[in-house]
Amino acid sequence: MTPAAIPGKRLAGKVALVAGAGASAPGWSIGKASCVTLARQGASIIALDASLAAAQDAAHEVELAGGDALPVQADVADPDAMQAAVDAAMRRHGRIDILQANAGIGKVGGPEDISVQDWDRIQQVNVTSLLVATRLLAPIMRAQGGGAIVAVSSIAGIRYTGYPHLAYSVSKAAVIHFARMAAQQYAADRIRVNTVIPGLIDTPRVAGNVARMFDKDDLDAARAARDRQVPMGRMGTPWEVANAVAFLASDEASYITGTELLVDGGLTGKYA
């Protein structure tokens, strides 16, 4: 069998819904970088975020890169809001080929620190949102003859990362297992479900609660501390995660489902 030629734009003609498309602060988040990366590969983008301004910012960056984007505001854990978002995407494009489940929140703390209310909200945004989106998009993808779901987890879902981050870590472990189970169920429908597991990535979130675990007064020192943790000597960039997402969403990954792609500079395999 002769391999198919790889097109210049591997996602040409596809529509990608990026849930969690915006950034929590100025700069490039994984979601925003993924919007631009997927668009550069030819996909039309539905940039969905809880903040309309963040969704519009991501869509604007896609348009600056020469792509097409529709900004949509929705709470990813709200089935009605997500239904409205999917309806808007279908009215515009008539199809959705890719879901990147990127939305995620967290709060530092262990069992005695995290409130039940915060725990519940973190699970809703990070895990229940994946259920909501899959229930909406699987029938669409099945009718189209297939699709790709790429969930974004974290190395916090598979190991301790040096500070207590219990609710977030448990939710990200659940994301990995959700994707493994869904991949089995939908394989016959040609719907592939995989997970990208980023390591320490230099995003606007680093300037927030994570950096404070290292040096709350000196962001450069916090970044340097995180760099030193990684065998490759630096944190990753959102673009490096986005490239992994684009690969798993593409037909080049047509025989890959139910697995995880680590993007961590070797950190997970590090002994100490």
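Any value given below was found using the heavy atoms of this structure, including those in side chains, with hydrogens, waters and symmetry copies removed.
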Quiz item: Transitively linked via ILVMFWY side-chain contacts under 4.5 Å: V175 with Y168?
Solution: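 V175 and Y168: separate clusters.
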Exercise. Determine, using the 4.5 Å side-chain heavy-atom cutoff (strictly less than), whether F247 and V150 are members of one ILVMFWY cluster.
Key: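 They do share one cluster, since a chain of ILVMFWY contacts under 4.5 Å joins F247 to V150.
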Quick one: pull up [atom1] in [X] and [atom2] in [Y] and give me the separation to the nearest 0.5 Å.
{"X": "N243", "Y": "T237", "atom1": "CG", "atom2": "OG1", "result": "7.5 Å"}
{"X": "L261", "Y": "S153", "atom1": "CG", "atom2": "OG", "result": "12.0 Å"}
{"X": "I96", "Y": "S44", "atom1": "CD1", "atom2": "OG", "result": "11.5 Å"}

Note, [X] side chain near [Y] side chain (heavy atom, < 4.5 Å):
{"X": "I158", "Y": "E260", "result": "no"}
{"X": "I30", "Y": "Q100", "result": "yes"}
{"X": "L131", "Y": "R135", "result": "yes"}
{"X": "I140", "Y": "V86", "result": "yes"}
{"X": "H60", "Y": "L64", "result": "yes"}

Quiz prompt | From V18, D75, L17, L99, residue fulfilling side-chain contact (heavy atoms from CB on, under 4.5 Å) relative to L48 | solution =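 Of all the options given, the one that passes is L17.
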Quiz item: What do the steps show when you test N126 against I105 for side-chain contact (heavy atoms from CB on, under 4.5 Å), and what is the final call?
Solution: CA-CA 7 Å; N126 296 6; I105 60 173; 3.8 Å; yes
Quiz item: Considering all heavy atoms of both residues, which atom of S29 and which atom of G22 are nearest to each other, and what is their separation?
Solution: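 In terms of heavy atoms, the two residues are closest at OG-O, 2.8 Å.
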Self-check item: Sidechain N-carboxylate O distance under 4.0 Å for R92, D68
Solution: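 Salt bridge present between R92 and D68.
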Quiz prompt | Q73 backbone acceptor or donor facing D49 side chain under 3.5 Å | solution =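 Absent.
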Quiz item: Is a side-chain donor or acceptor of N102 paired with a backbone partner of V152 at a separation under 3.5 angstrom?
Solution: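 Side chain of N102 to backbone of V152, a donor-acceptor pair under 3.5 Å: no, none is there.
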Practice problem: Before giving the answer on side-chain contact (heavy atoms from CB on, under 4.5 Å), spell out for V193 and F178 the whole-Å C-alpha distance, their side-chain angles and the decisive distance to 0.1 Å. | Solution: CA-CA 9 Å; V193 190; F178 181 102; 5.6 Å; no
Practice problem: Please check if any side-chain donor atom of Q83 sits under 3.5 Å from a side-chain acceptor atom of D87, or the reverse. | Solution: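 Looking only at side-chain atoms, D87 and Q83 do form a donor-acceptor pair, the distance falling under 3.5 Å.
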Self-check item: Sequence neighbours excluded - ring-ring contact (aromatic ring centres under 6.0 Å, His included) pairs with any residue from residues 26-45
Solution: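 Qualifying pairs: W28-W239.
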Quiz item: Quick one: which of R10, K14, K9, R190 gives a salt bridge (charged side-chain N to carboxylate O under 4.0 Å, His left out) with D251?
Solution: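 Answer to the salt bridge (charged side-chain N to carboxylate O under 4.0 Å, His left out) test with D251 among R10, K14, K9, R190: K14.
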